[in-house]
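Numbers for residues simply follow the sequence, beginning at 1. Atoms within each ligand, like the ligands themselves, are counted from 1 in listed order.
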Amino acid sequence: MLQEKYYPNKEFAKQARIKNMCEYQELMDWAKEDYEGFWDHWAKEKIDWIEPYDKILDESDAPFYKWFVGGKLNVTQQCIDRHIDVRKNKAAIIFEGDRGDRQIITYLRLYREVNRMANLLRNEFGVKKGDRVVLYMPMIPEAAYAMLACARIGAIHSVVFGGFSAEALRDRIQDAEAKVIITADGAYRKGAPYMLKPVVDLALEEGCPSVEKVLVVQRNFEDVIWIGGRDYSYNEMIESQPDTCEPEVMDSEDPLFLLYTSGSTGKPKGVQHSQAGYILWAQMTMEWVFDVKENDTYWCTADIGWITGHTYIVYGPLAAGATTVMFEGVPTYPDAGRAWKMVQELRINQFYTAPTAIRVLHKMGEHEPEKYDLSSLKVLGTVGEPIDPPAWKWYYDVVGGGKCAIVDTWWQTETGGHMISPLPGATPVKPACATFPLPGIMAEVLERDGTPVAPGEQGLLCITRPWPSMIRTIWGDPERFKKSYFGDVVKEGQPVYFSGDGAVVDEEGYITITGRVDDVINVSGHRMGTAEIESAIKKHPHVAEVAVVGRPDPIKGESIFAYIVLKDDVADSLGEEVELTKEINEVIAREIGNIAKADAIVVVPGLPKTRSGKVMRRILRAIAKGEEIKQDISTLEDPSIVEKIQEAVRCAGC
Ligand code: WTA
């Protein structure tokens, strides 16, 4: 039986940039017939080049692809300067604080703020092109200024999500060898101040010799320690900075930023993005997928610590000349109507959030949206994890009133921007389905040998041609870059980009993402490597062995389930597992952050291992789900361990 389809709103489709599937198909055909010509057209039309490029795509050193080779530009000119003539008084950023305070930052003000911060970094701190600057920031306008100030002077920013611990922050500072850290004293969440600067202090206590200065934005004015010669107040220093700053002339392929993300091994990867290719696709997807128009107000609820915050709060909307809303708080505070109240008051036209947030809002206030005037909404987006049909339906019916397009956007930190997504004026959508690749994106679901999977079968989601906004390398580790993305799937003799996700294509070509097929789990849309969590847990002195798996969770999508084997000398004497669970979660919070805490921690007598010592995670996943074990366990070193683990899980009540 074919799944039910939802067609675009006719009125909306008439004015959309891509109005129907014929137009979509034409664009796709164009890209297939003349791949480079397609991208050349858009790069010329969309980007304000300082100097034109002389080669569209250089594949000579694959997979280290280069786009728009020899071109010169500055991303902040694309995002700010070129808008000054035509929309200087338009709101670039509308900021809403946790406690309801608001600020409107026009394009002219953004220009001045970014230039002043760029001057501060360049002239007072000596930051130069290519230097790394780590941002550990709350969701305040200064976070966007800081990213853009780095881009203005050619410094490479690396934003570290504010929920990461001092240890995790330190690892990222060390890997990038950052010269400057930009942070805030703290900010506000759920009506109360919380702190960031003390975490930076702790991170810098040892092993960060590269760091020369720390710039502190005072947001909540709580007491913090100031270290003379290292820590400086942004609020004090910024006053005297000139508000024009010569943009650094950047090459298309110079790095714009690093963003650390989790892979299947322990160490996070510094995903490196480029200037031209990245900004081009950020802008194009803003225009195609959200169909943002001149007078629209667009709100993405992500945090700037993740790629969604980079591409769809800062770079994409600003490159498109849009008005982007930045929100410090959480959508459930002071109550489950907060987000809807903001939509009503700011007349939001496009709303972009994660399935976890949709599930939470649904659960906390099923009828809450009906109390507000949400008639301004045109496009609703989801990102970060698979959405389930009930959440999709609620989003469509209750939030969108049955008249909004839902764009289920599939993409990754590595892809820079959307890859597979409905187009709001064109694509007939099926609930909880990302539908088709965007024009220019050659996404295919393949077997390892590069053959396409049959309809309805699960395969590996791959991108078979390089695209402009793709990851360029892993900072400092080009070999790992090759191995992580271009090692698993080979099509016609050529390694192709493999995303780590599984997907299914139906008879009509609709692509549904089924989730990660590697050792990465996705908790509330936060990507985490099981190996990373395991190496944190191993730091607990009583732990001999550990295996972490994901377990389906009705709200968070997945939750973290840890199996622990204790060291022999403590195994018997330890009566209190509750204590141990608490301690292990404390270790995780210290090593990674609260976001990686486990929901279930079970002490087991051993792990299911093959004779060669490989842990059979599939069995552990099945046990965590409470499923029957169907696979052959006779190849295990000790088949009886399975029953013992099941018993331990039952006793623990997990
Ligand atoms: C998952 C977030 C299903 C996927 C932009 C991917 C999704 C990972 C979707 C990347 C979606 C993202 N449907 N799954 N629409 N979007 N994912 O790097 O597993 O934080 O590989 O980028 O999120 O997470 P990341």
Atom 21 (O) of ligand 1 - nearest protein heavy atom and its distance = D501 OD2, 2.5 Å

request  = Distance to 0.1 Å, residue and atom name: give those for the protein heavy atom nearest to atom 24 (O) of ligand 1.
outcome  = R527 CD, 3.4 Å

ask   = Do any nitrogen or oxygen atoms of T382 lie less than 3.5 angstrom from nitrogen or oxygen atoms of ligand 1?
value = no

ask   = What is the closest protein heavy atom to atom 25 (P) of ligand 1, and at what distance does it sit?
value = T413 OG1, 3.5 Å

Mode of E385 contact toward ligand 1 - side chain, backbone, both, neither (heavy atoms, under 4.0 Å) = backbone

inquiry  = With no hydrogens and no angle check, just 3.5 Å: does a side-chain donor-acceptor pair link Y352 and T409?
reply    = yes

ask   = What heavy-atom pair brings P355 and I387 nearest, and what distance separates the two atoms?
value = CG-CB, 3.8 Å

query = Which residue owns the protein heavy atom closest to atom 23 (O) of ligand 1, what's the atom, and how far is it?
reply = G384 O, 3.1 Å

query = Minimum heavy-atom separation for K403 to L374, with atom names?
reply = NZ-O, 4.4 Å

task = Determine, for D599 against K556, whether the closest basic-nitrogen to carboxylate-oxygen distance falls under 4.0 angstrom.
result = yes

task = Give a yes or no answer on whether the side chain of T311 reaches the backbone of A282 with a donor-acceptor pair at less than 3.5 Å.
result = no

note = With heavy atoms and a 4.0 Å threshold, my read on which part of I387 contacts ligand 1 is neither

ask   = Between F436, F290, W288, which is the residue that forms a ring pair (Phe, Tyr, Trp, His ring centres under 6.0 Å) with H418?
value = F290

inquiry  = With a 4.0 Å cut-off on heavy atoms, is W411 in contact with ligand 1?
reply    = yes

Heavy-atom nearest option to atom 15 (N) of ligand 1, drawn from V407, T311, D408, I511 = D408

request  = Determine whether the side chain, the backbone, both or neither of N522 has a heavy atom under 4.0 Å from any heavy atom of ligand 1.
outcome  = side chain

Heavy atom of A434, distance to ligand 1 below 4.0 Å = no

query = Is there a nitrogen or oxygen of T409 sitting under 3.5 Å from a nitrogen or oxygen of ligand 1?
reply = yes

I513 contact mode with ligand 1 (heavy-atom cut-off under 4.0 Å) = side chain

